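Computation of the quantities below employed the complete heavy-atom set of this structure, encompassing side-chain atoms and omitting hydrogens, waters and symmetry-equivalent molecules. It should be emphasised that the depicted structure is a prediction, and the values quoted were computed from it without experimental measurement. The sequence lines fix the lettering, A, B, ..., with proteins before strands; numbering per chain opens at 1.
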Number of protein chains: 2
Amino acid sequence: MAVTTRRADAQRNIAAILTAAAECLTRDPAASTSEIAKAAGVGRVTLYGHFPSRAELVDAVFVQAIATGEQTLGQVDLTGDPRDALARLIESSWQLVDQYRALLLAAQDALPPGRVQELHADPMARVERLLERGRAEGVFRTDLPTSWLVSVMHNVMHGAAGEIQAGRITSEQAAPYITATLLGAFAPA
Amino acid sequence: MAVTTRRADAQRNIAAILTAAAECLTRDPAASTSEIAKAAGVGRVTLYGHFPSRAELVDAVFVQAIATGEQTLGQVDLTGDPRDALARLIESSWQLVDQYRALLLAAQDALPPGRVQELHADPMARVERLLERGRAEGVFRTDLPTSWLVSVMHNVMHGAAGEIQAGRITSEQAAPYITATLLGAFAPA
DNA sequence: CTCTTGTCGAACACCAGTGTACGAGTTACG
DNA sequence: CGTAACTCGTACACTGGTGTTCGACAAGAG
């Protein structure tokens with residue numbers, strides 16, 4: 001792109017803003033541009049110099065989060081018994097969901113509807129492929145659409161985050177609970 | 001209380017505001033007091049005459065919604081095979097969740113944290129009792145806390161509402177999908 | 001019929017956030 | 001070193017909501 005020639009300090013500031021925004025939005029999904037700028041050690045004006053609006057900043061942070069998440073998930077071994085593979089995938093996914101939970105909320109009310117869904121396409125496809133394989137091998141149920149099963153997984157994980165916040169379960173219990181629940185839910189009838 | 005003597009038109013207005021608020025908040029969880037007052041055919045000042053703040057209005061609407069919901073759920077037959085009873089309970093609960101979904105969002109960011117949870121105590125207890133009975137009879141799993149199973153049910157239902165909004169499933173498919181999923185998830189290992 | 005209770009609209013103060021404008025100062029890059 | 005790119009703080013305009021105040025007016029209760 002034409003922006004190849006960015007002065008070094010500008011690049012540094014962009015990076016600082018991005019990481020500060022990730023932190024702030026994780027702490028409070030409604031964090032203001034002032035807070036973020038301050039956390040980045042930068043003037044609010046400078047922030048607007050790099051990101052035309054709060055929404056575009058949130059978008060950038062979210063895109064980055066998805067990208068690093070994808071990198072993590074890409075290293076999960078999805079071969080072997082689909083049930084074991086699912087357990088491994090849940091373990092990794094859960095870490096990410098737990099970590100980026102608040103960021104998701106921020107994205108959901110700062111970004112246009114559908115945008116969040118759009119950016120989730122890759123991780124969702126990964127889950128879908130695994131489920132399809134499990135169905136073909138007869139270890140996962142086929143009486144419900146794959147997309148529904150994916151959404152169940154998604155919602156159970158986010159529900160677990162809520163249970164932690166409510167203090168009804170601990171962070172360590174979450175993954176096994178989720179795994180046990182989903183393996184039951186996905187088993188053939 | 002001392003408010004036994006409310007003029008007739010005042011009572012009418014309170015009722016009008018309450019139903020209008022329910023409608024508006026269902027359409028848009030962030031509906032303003034102006035919108036609600038207008039929808040109720042009442043001046044904004046009148047609204048503040050009856051409800052000291054937007055939050056207290058939302059609370060009142062939410063309390064009312066829970067109460068009518070409880071009335072519906074109270075008529076569900078929970079005897080017999082716990083799995084069949086659960087299916088019936090899901091059917092009824094789903095109607096309510098689908099209907100009051102947006103209202104819940106409104107409550108969640110207008111009410112102090114924990115308040116929503118607090119008001120959900122009764123419906124949650126009902127589910128919990130049924131699950132406990134099913135566990136005692138050996139048809140539901142006992143390797144996970146009942147409260148976790150309740151939260152799974154809750155989240156799967158709200159997830160279904162999201163899937164409808166995303167256009168991936170229809171309103172009629174939801175209940176059977178939810179039932180099939182939860183019966184699988186709750187079955188003993 | 002009277003008087004208390006309630007209603008109305010318009011106006012106001014307030015707040016918190018977003019995004020812009022300016023001008024002076026600073027920093028990297030060649 | 002000079003210049004273009006960048007940053008800074010302050011200040012401003014704007015938006016959109018909340019909650020209050022006022023005085024005039026209407027309606028129900030006894």
Between NZ of B:Lys38 and C1' of C:dC8 the distance, given in whole Å, is 15 Å

Kindly say whether, by distance alone, the side chain of A:Arg44 makes a donor-acceptor pair under 3.5 Å with the base of C:dG19?
yes

Do you know which two heavy atoms are closest between A:Cys24 and A:Glu35, and how far apart they sit?
SG-O, 4.2 Å

Heavy-atom pair of closest approach, residues B:Ile169 and B:Tyr177:
CG2-CE2, 3.9 Å

Can you figure out which of D:dG28, C:dC8, C:dG19 approaches the side chain of B:Val42 most closely?
C:dC8

To the nearest angstrom, how far is A:Arg54 atom CZ from D:dT15 atom C1'?
16 Å

For A:Tyr48 and D:dC12, give me the distance from atom OH to atom C1', rounded to whole Å.
14 Å

From CG of B:Asp9 over to P of D:dA27, roughly how many Å is that when rounded to an integer?
9 Å

Given DNA chain D, 5'-ward residue of the pair A:Ala10 and B:Ala30, judged by closest heavy atom
A:Ala10

Measuring to OP1 and OP2 of D:dT7, would you say a side-chain N or O of A:Asn13 lies under 4.0 angstrom away?
yes

What is the distance, rounded to the nearest whole Å, between atom CD of A:Glu56 and atom C1' of C:dT18?
14 Å

With nearest nucleotide decided by heavy atoms, which residue, B:Arg12 or B:Val45, maps closer to the 5′ end of DNA chain D?
B:Val45

Rounding to an integer number of Å, can you tell me how far B:Asp109 CG sits from C:dA16 P?
18 Å

How long is the line joining CG of A:Leu57 and P of C:dG17, in whole Å?
15 Å

Nearest non-hydrogen partners of A:Ala107 and A:Val58, listed with the distance
CA-CG1, 3.8 Å

Measure across B:Arg141 and B:Ala185 and return the closest heavy-atom pair with its distance rounded to 0.1 Å.
NH1-O, 2.8 Å

Taking only the side-chain nitrogens and oxygens of B:Ser32, find out if one of them lies under 4.0 Å from OP1 or OP2 of D:dG17.
no

Does the side chain of A:His50 get closer than 4.0 angstrom to OP1 or OP2 of D:dC6 through an N or O atom?
no

Please find the pair of heavy atoms, one from A:Val156 and one from B:Trp148, that lie closest to each other, and give the distance.
CG1-CZ2, 4.0 Å

May I have the distance from A:Leu47 (atom CG) to C:dA21 (atom P), rounded to whole angstrom?
17 Å

